[in-house]
Amino acid sequence: MNLGKYKNLIFYITTIAVFSALMYYFIIEGQTLEVKENIVANTNSGSTWENFLESFKTNLHHPLALLLAQIVTIIMTARLFGWICMKIKQPTVIGEMIAGIVLGPSLVGMYFPEFSAFLFPKESLGNLQFLSQIGLILFMYIVGMELDLSVLRKKAHDAVVISHASIIIPFALGIGLSYFVYQEFAPEGIQFTSFALFIAISMSITAFPVLARIVQERNLQKTKLGTIVITCAAADDITAWCILAAVIAIVKAGSFTSSIYVIIMAIAYVFLMIKIVRPFLKRIGDLQAGKNTISKPMVAIFFLTLILSAYATEVIGIHALFGAFMAGAIMPENAKFRTLFIDKVEDVALVLLLPLFFVFTGLRTQIGLLNDSHLWMTAGFIILTAVLGKFAGSALTARFVGINWKESLTIGALMNTRGLMELIVLNIGYDLGVLSPEIFAMLVIMALFTTFMTGPALDFINFLFKSKKNQDETIHENDSKYRVLLSFDKPESGSTLLKLAHNFTHKMNGNKSITAMNIAPVDEMHAYDINEYEDSQFQHVIETSQDLNLEVTTLFKASTDIESDLTNITNKGHYDLLLIMLGKSMYEGSLLGRLLGFTTKIINPEKLLNTVKGKGNIFNNSPFDDFTLQILDKTNIPVGILVEKDFKTADKVFVPIFNLSDFYLLEYAKRLINNNNSQIIILDAAGQIRNNIEVKELIRSIEQVAPNHITLYNEKKIEKEFLNAQDLMLISSKSWKNLIDTKSLWLSDIPSTLIISNP
């Protein structure tokens, strides 16, 4: 008997009982004090249920409960529309912008006014605005950090003409546009200069974060075009925000002369940040060199810098967002350090707080105000002016400096992307009272349209200049090389798959082509460190290729939809075989993990064959993860899926044949013999090989070229030690499915296994 156990139990019960009795005593005695204080008990005439309902309604309208309900609704709606846009190859920011408009008076407020009034009452919008402003401050901090100033300094001379032209041309057109719309749409009491400057800056802005994502998704980051357009956008961002700061100062002061003091203070602030604060932060950052974490005191220093910088610019009169942007831009330039810090900020800023800004903007956007054809024609004229100024201005300038037409038009399409940055500018103008609700709605529609058109415009430009691409595809079609594509997610997986590809192609010399591909989620990368990320992903592949003296082509792509991009590249690349790794979750997961716990001395192929033919117990467990299943469904070339158990080489290969449909495996066995001198053991589990003349002839032809390299196995029982002695098992996808469905004991002893699926 465990006395210690009962002693603890007795102590626990005694403690609860004694102190509960003590609390009861004080409550009873305390109630006697109410009589002395003449306190009368609150007796509600309603029923208990009515009292509960009244209390529940009060809790629903409590400011904190309402704010939490708003956040939940906003995040869910933003993620839904972001996911839809991702599926149609649009930036997720467009979906989040649309989500804001949907939840505002333009849709929900119009058709469900009672729900809108309950969820977004006017008195609650102040809290929503302040939270969204915090999100914007953190976002602009990230934008500043994502600007690689070292690249900007090195490349600026190549892009400064395009960048500044892409600002001055739409800026001038914006002022011209203001001349025609000022009298009708400017708020009462607003000077033409203030109105025109805000319209002009809204025409000139480029969304650097969205542009950087598109460049990554389209795999342009390592091209000359990608470098130019990223540099243009970075220079554009810095210039536009400096102009915006000056515009805000002028608007608040009422005239340029009155704003001179504000501008002087702003210049002094920038000088202080660059010459004093930046070197200080660099010394702080150097203490972090080589570490994989950032200490809390250091995080506190950088957050204080951010908040003080934002506070300073707000007090000066050029808006807190400029201070946040500046604080990010002067962060230590160490890419690893910035990545660590962005990871701390990004999830809260982009997932939790930033969608609040989109909805707050949507609550201000009343598309219903555009209720006649004249207003919609004006909106169309604004969109046309914006596209002409930014798209045409950037493209023509790029062509003038010597860039070919395709790349010039591509630069124009990318620089025309406005996205979230445009909404920030518009909200600043709205808060300052410079933009009326009608012109605000028109400009929000312009921001949506110009961002949405970027993807289709790039596709159309590629379509117009596709002749060279078609020529390259024809060359590939006429090329007799055996082309292997291996796709991996982790560097170690890429190395393993490369060794396997080498076994299949070793002696083919110039008649082979091996491409190692890594498709990474675009959200995991930042514009400034994408090259470092790519190098780390391919490090093991490059080292393995050097060890094998093997020429490998590397292909890297940032993606918002890995599955679609992988299948598109595979189907359009004229490859003969795709090699991928079965997810670790499948190999180490519950099903196979439990099966690996079984041990058995003897495995009976006859019993296994019976289950393969459908005579055994069948379960509904999937043999592949969802991602692999989608790849198998959508690719039109053979796919090899490796279940890896410390694979090194394919010297000894086991090929079980369960039915006639598995015979295509012999072609891969033949390739391993020819290129790797592999020893192949074929298990005739179905007893069909010895009766099939065609297959026997194939085996005989292999033996004539490479005698003693192929063995036909007809044993009724296979020892565990036999399977353990093999380096690799080749199996058809259908037979593998049956092994999983029947929970075959083979799974506990198989070597590394290549599951081959023929389309």
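Because the structure is a prediction, the values reported are computed rather than measured.
- The structure places CG of L579 at 10.0 Å from CG of L498, a figure rounded to the nearest 0.5 Å.
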Return all side-chain donor-acceptor pairs below 3.5 angstrom for residues 120-139, not counting sequence neighbours, or 'none' if the list is empty.
residue	atom	partner	partner atom	Å
S124	OG	Q70	NE2	2.9
S124	OG	P121	O	2.8
S132	OG	L128	O	3.3
S132	OG	Q129	O	2.6

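- Across every non-hydrogen atom of G494 and L486, the tightest pair is O-CD1, 4.1 Å.
- Shown here for P91 and C85, the closest heavy-atom pair between the two residues is O-CB, 3.8 Å.
- No side-chain heavy atom of Y141 sits under 4.5 Å from any side-chain heavy atom of F325.
- Distance check, rounded to the nearest 0.5 Å: OG of S733 to CG of N738 gives 10.0 Å.
- Counting non-hydrogen atoms of neighbouring residues, nucleotides and ligands closer than 6.0 angstrom, the CD atom of E114 reaches no more than 12 such neighbours.
- Rounding to the nearest 0.5 angstrom, the gap separating the OG atom in S735 from the CE atom in M729 is 9.0 Å.
- Annotation for L119 and L66: closest pair O-CD1, 3.8 Å, computed over non-hydrogen atoms.
- Smallest separation of non-hydrogen atoms from A725 and K652: O-CD, 3.6 Å.
- A heavy-atom distance below 4.5 Å is not found between the side chains of W83 and R79.
- Side chains of S493 and T496: no donor on one and acceptor on the other come within 3.5 Å.
- Looking at I756 and I731, their side chains never come closer than 4.5 Å, going by heavy atoms from C-beta outward.
- The distance from the NZ atom of K648 to the CG atom of L500 is 13.5 Å, given to the nearest 0.5 Å.
- Among all heavy-atom pairs drawn from I342 and I142, the shortest one is CG2-CG2, 4.4 Å.
- Scanning both residues, D727 and T649, for their nearest heavy atoms gives CB-O, 3.0 Å.
- For K634, the NZ atom sits in a packed shell: over 12 heavy atoms of surrounding residues, nucleotides or ligands are nearer than 6.0 Å.
- Relative orientation of the F341 and F303 rings is tilted, given thresholds of 30° and 60° on the angle between their planes.
- Taking P355 as the reference, I74, A78 meet the side-chain contact (heavy atoms from CB on, under 4.5 Å) condition, with sequence neighbours excluded.
- A donor-acceptor pair under 3.5 Å is absent between the side-chain atoms of E96 and the main chain of V359, judged by distance alone.
- Although no hydrogens or angles enter the test, the distance criterion places a donor-acceptor pair under 3.5 Å between the side chain of T313 and the main chain of S309.
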Give the C-alpha distance, both sets of side-chain angles, the deciding distance and a yes or no for side-chain contact (heavy atoms from CB on, under 4.5 Å) between K282 and R278.
CA-CA 6 Å; K282 184 180 183 304; R278 186 181 180 189; 5.8 Å; no
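- Between the side chain of S752 and the backbone N or O of K645, at least one donor-acceptor pair lies under 3.5 Å.
- Residue M273 holds its CE atom at 3.5 Å from CD1 of I330, rounded to the nearest 0.5 Å.
- Side-chain N or O atoms of N518 include none that pairs as donor or acceptor with a backbone N or O of Q537 at under 3.5 Å.
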What do the steps show when you test M76 against L80 for side-chain contact (heavy atoms from CB on, under 4.5 Å), and what is the final call?
CA-CA 6 Å; M76 290 177 63; L80 172 63; over 6 Å; no
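- Checked by atom type and distance alone, the side chain of T567 pairs as donor or acceptor with a backbone atom of S564 at under 3.5 Å.
- The closest side-chain heavy-atom distance from K344 to V299 is below 4.5 Å.
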Could you go through the side-chain contact (heavy atoms from CB on, under 4.5 Å) check for L754 and I641 one step at a time?
CA-CA 6 Å; L754 183 63; I641 307 146; 5.8 Å; no
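- Between T544 and K499 the shortest side-chain heavy-atom distance falls below 4.5 Å.
- Ring-centre distance between F538 and F488: below the 6.0 Å cut-off.
- With rounding to the nearest 0.5 angstrom, the CD1 atom of I98 is 12.0 Å from the CG atom of L103.
- Counting heavy atoms from C-beta outward, T753 and L728 have side chains that stay 4.5 Å or more apart.
- F81 has its side chain out of reach of I94: every pair of non-hydrogen atoms, C-beta onward, lies at least 4.5 Å apart.
- Counting heavy-atom neighbours within 6.0 Å of K734 NZ, excluding the residue itself, gives a total of 12 or less.
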Test side-chain contact (heavy atoms from CB on, under 4.5 Å) applied to I580 and L642, step by step:
CA-CA 6 Å; I580 61 177; L642 181 64; over 6 Å; no
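- I301 has its side chain within reach of F280: a pair of non-hydrogen atoms, C-beta onward, lies under 4.5 Å apart.
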